[in-house]
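Beneath this line is the structure, given in structure tokens, with notes to follow.
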Amino acid sequence: MSNYDVIVIGAGPGGYVAAIRCAQLGLKTAVVEGRETLGGTCLNVGCIPSKALLHATHSLHEAQHNFPAMGLKGKAPSVDWKQMLTYKDDVIGQNTGGIEFLFKKNKIDWLKGWGKLSGKGEVTVGKDVHQAKNIIIASGSEPSALKGVTVDEKIVVTSTGALALNKIPKKMVVIGAGVIGLELGSVYARLGAEVTVVEFLDAITPGMDKDVQRGLKRMLEKQGLKFVMGAAVQGVETSKSKAKVTYQVKKTEAIETLDADCVLVATGRRPFVDGLGFGDLGGEMTDRGQIKTNDHWATNLPGVYAIGDVITGPMLAHKAEDEGMAVAEVIAGKAGHVNYNVIPGVIYTHPEVASVGLTEVEAKADGRKVKVGKFSFMGNGRAKAVFAGEGFVKIIADKETDRILGAHIIGPAAGDLIHEICVAMEFGASAQDVALTCHAHPTYSEAVREAALACGDGAIHA
Ligand code: FAD
Ligand code: NAI
């Protein structure tokens with residue numbers, strides 16, 4: 001039996017960040033993690049491995065499509081899939097090992113195994129019972145099941161299986177045109193698979209800006225991805241190494257099928273609370289299966305907090321991290337805070353998509369008068385030099401106050417560019433504040449400034 005100020009359950013971006021901040025604030029801290037390695041979904045089977053495969057396959061795409069135009073001649077590289085997976089696993093290892101190092105540095109105990117809340121201030125791991133004044137649940141999420149579809153992680157896979165396929169499929173069907181479907185669909189399309197994405201709704205990436213949705217779909221189609229929109233998947237049958245996906249076209253009610261060697265089910269994720277014992281102790285959940293918390297991440301069980309994918313809000317690593325830092329501060333008696341209005345979302349396709357704040361539709365639905373400043377990357381010299389003239393920056397500002405309400409970018413390094421707007425929004429900046437800030441030339445970020453100028457008297461290079 002050991003006593004801690006804080007025990008964190010789960011070592012994903014929420015849990016490990018919370019633990020490090022707790023330790024930095026002088027609290028004796030332990031983390032319970034059932035996986036073999038630290039870092040949670042994000043580092044092991046999520047953000048990091050998917051970005052490694054996106055990087056490798058984007059490099060291949062560049063070599064195949066853009067090298068000749070730049071005078072870089074020679075045979076385009078061929079794919080050694082086994083080596084690509086080894087590279088991905090090395091990247092994972094470096095990152096998960098990095099968290100282990102940070103735990104040692106901050107004197108955080110790793111309690112290896114699956115943790116269960118077994119009483120007030122008590123967490124049981126295997127046969128060991130540990131006491132803690134505070135417990136933070138950061139148990140994350142898992143892929144949602146889809147009715148009529150049995151996942152075997154070989155032919156019918158979730159993102160976890162799709163990150164470690166034995167071979168590159170010839171034909172892949174992706175169910176769901178959300179973030180996972182488009183990122184991993186892009187990976188396999190670049191590797192030569194015929195990828196068809198079947199989506200229930202009439203637009204891809206639900207909730208995103210409409211211009212972004214249309215633009216991204218068009219660009220991905222140019223890269224070879226096919227889309228079947230407005231179609232509800234009803235089931236997947238497998239035989240040996242093949243699969244047949246059955247779906248109903250919503251408009252006509254026609255039943256159609258698609259053959260594939262691999263089916264990726266990417267229809268969302270749900271909170272993971274299996275074996276946690278939270279409900280057994282009377283812990284309250286939302287009707288969507290998330291752990292219910294108040295504004296300070298406290299659950300209804302005294303001394304028990306929850307953060308990350310297991311509670312409400314976007315299922316994003318940086319949202320979990322921010323909550324991790326904030327809850328540690330609350331426990332240490334400080335004022336932890338997360339601004340949920342300024343959480344960026346990025347899709348790491350090519351080009352990247354990034355978004356923060358309100359979309360034009362949301363701002364109008366909110367009863368606001370808005371102005372929209374839009375600038376195409378065609379007017380950005382740097383983007384054109386790297387074959388990235390497609391796409392745009394769109395800034396939504398309040399018509400009366402000029403205050404920035406949101407931004408939506410599709411284009412080169414969009415996931416980095418968006419942070420200029422995040423900082424601007426944190427400071428309550430106007431579009432003019434961004435427009436009057438000198439931006440280095442030639443950079444992609446000039447497109448952000450031009451979009452801000454377009455909210456006023458006009459962009460220069462449009
Ligand atoms: P998790 O990372 O899920 O970690 C929870 C941990 O808790 C797990 O390691 C689990 O083993 C452990 N655990 C659970 N229960 C127990 C228990 N009882 N005892 C002990 N341990 C337990 N987000 C982004 O922001 N950017 C991206 O690019 C991105 N890419 C993604 C790509 C994919 C393919 C996937 C699947 C997700 C991606 N995400 C991305 C989402 C991101 O991974 C999650 O939002 C993030 O990991 C949530 O962090 P968390 O700490 O809440 O939970
Ligand atoms: P998602 O919620 O982004 O998309 C799921 C899609 O599946 C939706 O478009 C939905 O309409 C569709 N769908 C649902 N049921 C269907 C059916 N029966 N037939 C056809 N389509 C159907 O979920 P996804 O892509 O699984 O990702 C899960 C979470 O992981 C996301 O919420 C995201 O936050 C996180 N993630 C984040 C990444 C990033 O930040 N770059 C990358 C990957 C994942």
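Basis for what follows: all heavy atoms, side chains included, without hydrogens, waters or symmetry-related copies. Whatever order the structure lists them in is the order used to number ligands and atoms, beginning at 1.
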Could you tell me whether the side chain of H408 and the main chain of L358 form a donor-acceptor pair under 3.5 Å? yes

Please list, in number order, the atoms of ligand 2 under 4.0 Å from a heavy atom of L146. 18 (N)

Side chains of Y444 and D416 only: does a donor on one sit below 3.5 Å from an acceptor on the other? no

Relative to the heavy atoms of V198, which atoms of ligand 2 are at a distance of less than 4.0 Å? 20 (C), 21 (N)

Would T37 and T96 count as having a side-chain donor-acceptor pair, cut-off 3.5 Å? no

For a quick check: using heavy atoms under 4.0 Å, what are the residues in contact with ligand 1, sorted by chain and number? I9, G10, A11, G12, P13, G14, G15, V32, E33, G34, R35, G40, T41, C42, V45, G46, C47, S50, K51, G113, W114, G115, A138, S139, G140, S141, S159, I180, R269, F272, L276, G308, D309, M315, L316, A317, H318, A320, Y348

Is the number of heavy atoms from other residues, nucleotides or ligands under 6.0 Å of H419 NE2 greater than 12? yes

Check ligand 2 against R269 and write out every atom of the ligand that is under 4.0 Å from a heavy-atom position of the residue. 28 (C), 29 (C), 30 (O)

Stepwise side chain to side chain donor-acceptor pair (under 3.5 Å) test for D109 and Y4: CA-CA 10 Å; D109 289 343; Y4 292 96; 2.6 Å; yes

Show the atoms of ligand 2 that are less than 4.0 angstrom away from any heavy atom in I175. 19 (N), 20 (C)

Which heavy atom of the protein is the closest neighbour of atom 2 (O) of ligand 2, given with residue, atom name and distance? G268 CA, 4.1 Å

Before signing off on this row, confirm whether F200 and ligand 2 have an N or O atom pair separated by under 3.5 Å. yes

Please list all pairs passing the salt bridge (Lys or Arg N to Asp or Glu O under 4.0 Å) test where one or both residues lie in residues 20-36, with sequence neighbours left out. R21-E329

Who's the nearest protein heavy-atom neighbour of atom 19 (N) of ligand 2, and how far? V233 N, 3.4 Å

What are the atoms of ligand 2, with element, lying closer than 4.0 Å to any heavy atom of P206? 8 (C), 9 (O)

Can you measure from CD1 (I418) to CD (E352) and round to the nearest 0.5 angstrom? 11.0 Å

Checking heavy atoms under 4.0 Å, the part of Y348 that sits near ligand 2 is side chain

Determine, for D259 against K242, whether the closest basic-nitrogen to carboxylate-oxygen distance falls under 4.0 angstrom. no

Starting at CG of L281, measure out to CG of L276 and round the result to the nearest 0.5 Å. 9.0 Å

Mind running side chain to side chain donor-acceptor pair (under 3.5 Å) on D309 and S141 for me, showing each step along the way? CA-CA 6 Å; D309 279 11; S141 62; 2.7 Å; yes

I'd like to know if A266 contacts ligand 2, where contact means a heavy-atom distance under 4.0 Å to any ligand atom. yes

Element-labelled atoms of ligand 2 that are located less than 4.0 Å from some non-hydrogen atom of V346: 39 (C), 40 (O), 41 (N)

Candidates V179, T267, D202; heavy atom nearest atom 13 (N) of ligand 2 found on T267

Atoms of ligand 2 close to A231 [distance to a heavy atom under 4.0 angstrom, numbered from 1]: 19 (N), 20 (C)

Are any of the side-chain nitrogens in R270 or E142 under 4.0 Å away from the carboxylate oxygens of its partner? yes

Just by distance, with hydrogens left out, do S2 and Q131 show a side-chain donor and acceptor under 3.5 Å apart? no

Should you measure from each heavy atom of G176, which atoms of ligand 2 turn up under 4.0 Å away? 6 (C), 7 (O), 12 (C), 21 (N)

Kindly confirm or rule out an N or O of M315 lying under 3.5 angstrom from an N or O of ligand 2. yes

Does the K319 side chain pair with the main chain of G308, one donor and one acceptor, at a distance under 3.5 Å? yes

Listed pairs under 3.5 Å, donor-acceptor, residues 159-186 side chains, sequence neighbours left out:
unit_1 : atom_1 : unit_2 : atom_2 : d
E183   : OE1    : K51    : NZ     : 2.8
E183   : OE2    : Y348   : N      : 2.9
S186   : OG     : L182   : O      : 2.7

Kindly write out the residues that satisfy ring-ring contact (aromatic ring centres under 6.0 Å, His included) with H55, not counting sequence neighbours, or none if the list is empty. none

Out of G178, S144, A354, indicate the one that has the non-hydrogen atom closest to atom 1 (P) of ligand 2. G178

Taking distance alone, with N or O pairs closer than 3.5 Å, would you say I180 contacts ligand 2? yes

Select the closest option to atom 10 (C) of ligand 2 among K147, K51, E199, Q248, judged by heavy-atom distance. E199

